[in-house]
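Throughout, numbering of the chain's residues begins at 1 and tracks the sequence. Since we're looking at a predicted model, the values are computed, not measured. Both counts, for ligands and for their atoms, begin at 1 and track the order of listing.
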Amino acid sequence: MYGEFKEFLANELQKIKDAGLYKYERIIVSPQGAVIKTNDGREVLNFCANNYLGLSNNKRLIEAAKRAFETHGFGMSSVRFICGTTDLHKELERKISEFFGTEDAILYAACFDANGGLFEPLFTDQDAIISDELNHASIIDGVRLCKAQRYRYKNADVEDLEKQLKLAQAQRFRIIVTDGVFSMDGNVAPMDKILELAEKYKALVMVDESHSAGVVGKTGRGVTELFNCRGKVDIITGTFGKAFGGAIGGFTTGHKEIIEMLRQRSRPYLFSNSLPPMVVAAGIEMFNMMSQTTELQEKLHANVKYFYEKIKAAGFDVKPTQSAIIPIMIYDEKLAHDFAAELLKEGIYVIGFSYPVVPRGLARIRVQLSAAHEFEHIDKCIDAFIKVGKKLCVLKN
Ligand SMILES: *Cc1c(COP(=O)(O)O)cnc(C)c1O
């Protein structure tokens with residue numbers, strides 16, 4: 001039987017390649033950081049990691065993980081509710097709630113699971129989910145698994161959101177669902193307006209802080225800090241795979257009855273293994289760090305400002321950012337791809353994004369800043385952008 005199926009797959013894979021959409025993996029042989037080593041022996045400056053706070057190779061987190069090996073071993077070999085809950089898991093859940101100013105929290109293997117297991121246990125076909133069109137794939141999948149009526153509004157567009165909320169009055173309960181920071185544009189969800197509309201149209205609000213937690217707001221509490229609405233959002237989801245250390249793990253936090261119901265009914269929680277103690281212990285240490293200092297946020301915000309001003313002054317077409325994601329618009333798909341390839345030759349690792357990840361004709365280079373970057377790294381990156389920009393006639397002079 002496999003022969004025919006194999007041929008079919010080979011054909012499909014070739015189509016992906018022909019469309020220029022095939023994904024290759026670059027092999028890194030060093031820890032994640034501002035400077036990484038690849039398996040061809042080169043050292044490059046990394047401007048495409050979600051390592052916003054530079055914690056992926058942080059000594060304090062590594063030490064905490066090592067201590068947990070000694071005290072709690074390697075793995076749990078159980079889901080949480082059978083025999084997979086340690087004192088560390090409970091402590092990390094408390095720390096998450098403290099950080100976001102919520103009542104309770106529940107851990108998942110990843111934020112993909114947190115979002116995948118969020119909607120189905122809480123809402124039925126009598127309810128409505130009103131979702132931003134640019135929400136993360138895991139939210140889209142989570143919504144698909146739930147029988148609630150679906151409404152979609154244009155990205156961060158409060159007028160369209162209001163329109164959808166009016167239509168959704170037909171249902172029993174409503175929830176507005178949004179990413180905190182949108183990963184392709186670096187813009188934030190207008191939480192102040194969203195909460196106003198939620199009040200007016202009796203809707204709950206859920207925000208996914210994956211790209212904003214640790215990053216956005218003076219102390220990195222995310223978009224609820226940026227918009228001064230801490231404690232007003234009903235449900236927050238997030239990841240330990242980005243700013244918060246970059247290893248693995250996700251969470252949902254919010255009102256205690258919501259978290260309680262998820263512990264009873266959320267399928268990725270009930271049917272998937274508990275996070276390993278070392279990852280949990282490092283998460284606890286990370287929150288300790290976050291409550292002691294805002295040094296990393298200050299450095300990250302200074303780096304974003306420094307890069308943004310320099311790349312704009314160089315004459316590039318840059319989207320205004322409200323996060324640590326800076327899209328440099330190239331528009332043409334092939335040019336964006338060539339631009340990233342040329343930058344890599346100059347020792348700068350960034351990714352060009354094109355259709356279908358972003359709309360046709362809006363291809364771009366996405367730069368992600370980190371507290372791990374020094375100004376000299378950023379200077380090198382800007383110099384490379386200018387050199388390649390001139391070579392490929394993206395810059396006029
Ligand atoms: C990265 C991301 C996720 C997935 O997080 P994982 O923990 O890696 O599964 C979910 N939502 C958003 C908005 C993200 O950016």
Residues R144, E120; criterion salt bridge (charged side-chain N to carboxylate O under 4.0 Å, His left out); working and verdict: CA-CA 9 Å; R144 275 186 192 146; E120 187 261 347; over 6 Å; no

Using the rule given for ring-ring contact (aromatic ring centres under 6.0 Å, His included), can you reason through Y22 versus Y24, listing the C-alpha separation, both sets of side-chain angles and the distance that settles it, and then say yes or no? CA-CA 7 Å; Y22 196 85; Y24 298 89; 4.8 Å; yes

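For the residue pair D87 and H72, a side-chain donor N or O sits within less than 3.5 Å of a side-chain acceptor on the partner. When only modelled atom types and interatomic distance are considered, H89 and S274 share a side-chain donor-acceptor pair under 3.5 Å.
Around atom CD of E4, no more than 12 heavy atoms belonging to other residues, nucleotides or ligands sit under 6.0 Å away.
Within 4.0 Å of ligand 1, heavy atoms belong to protein residues A110, C111, F112, N115, H136, S138, D179, D208, S210, H211, T239, K242, G249.
Listed by first and then second residue, the salt bridge (Lys or Arg N to Asp or Glu O under 4.0 Å) pairs that reach into residues 145-169 are E162-K200, sequence neighbours excluded.
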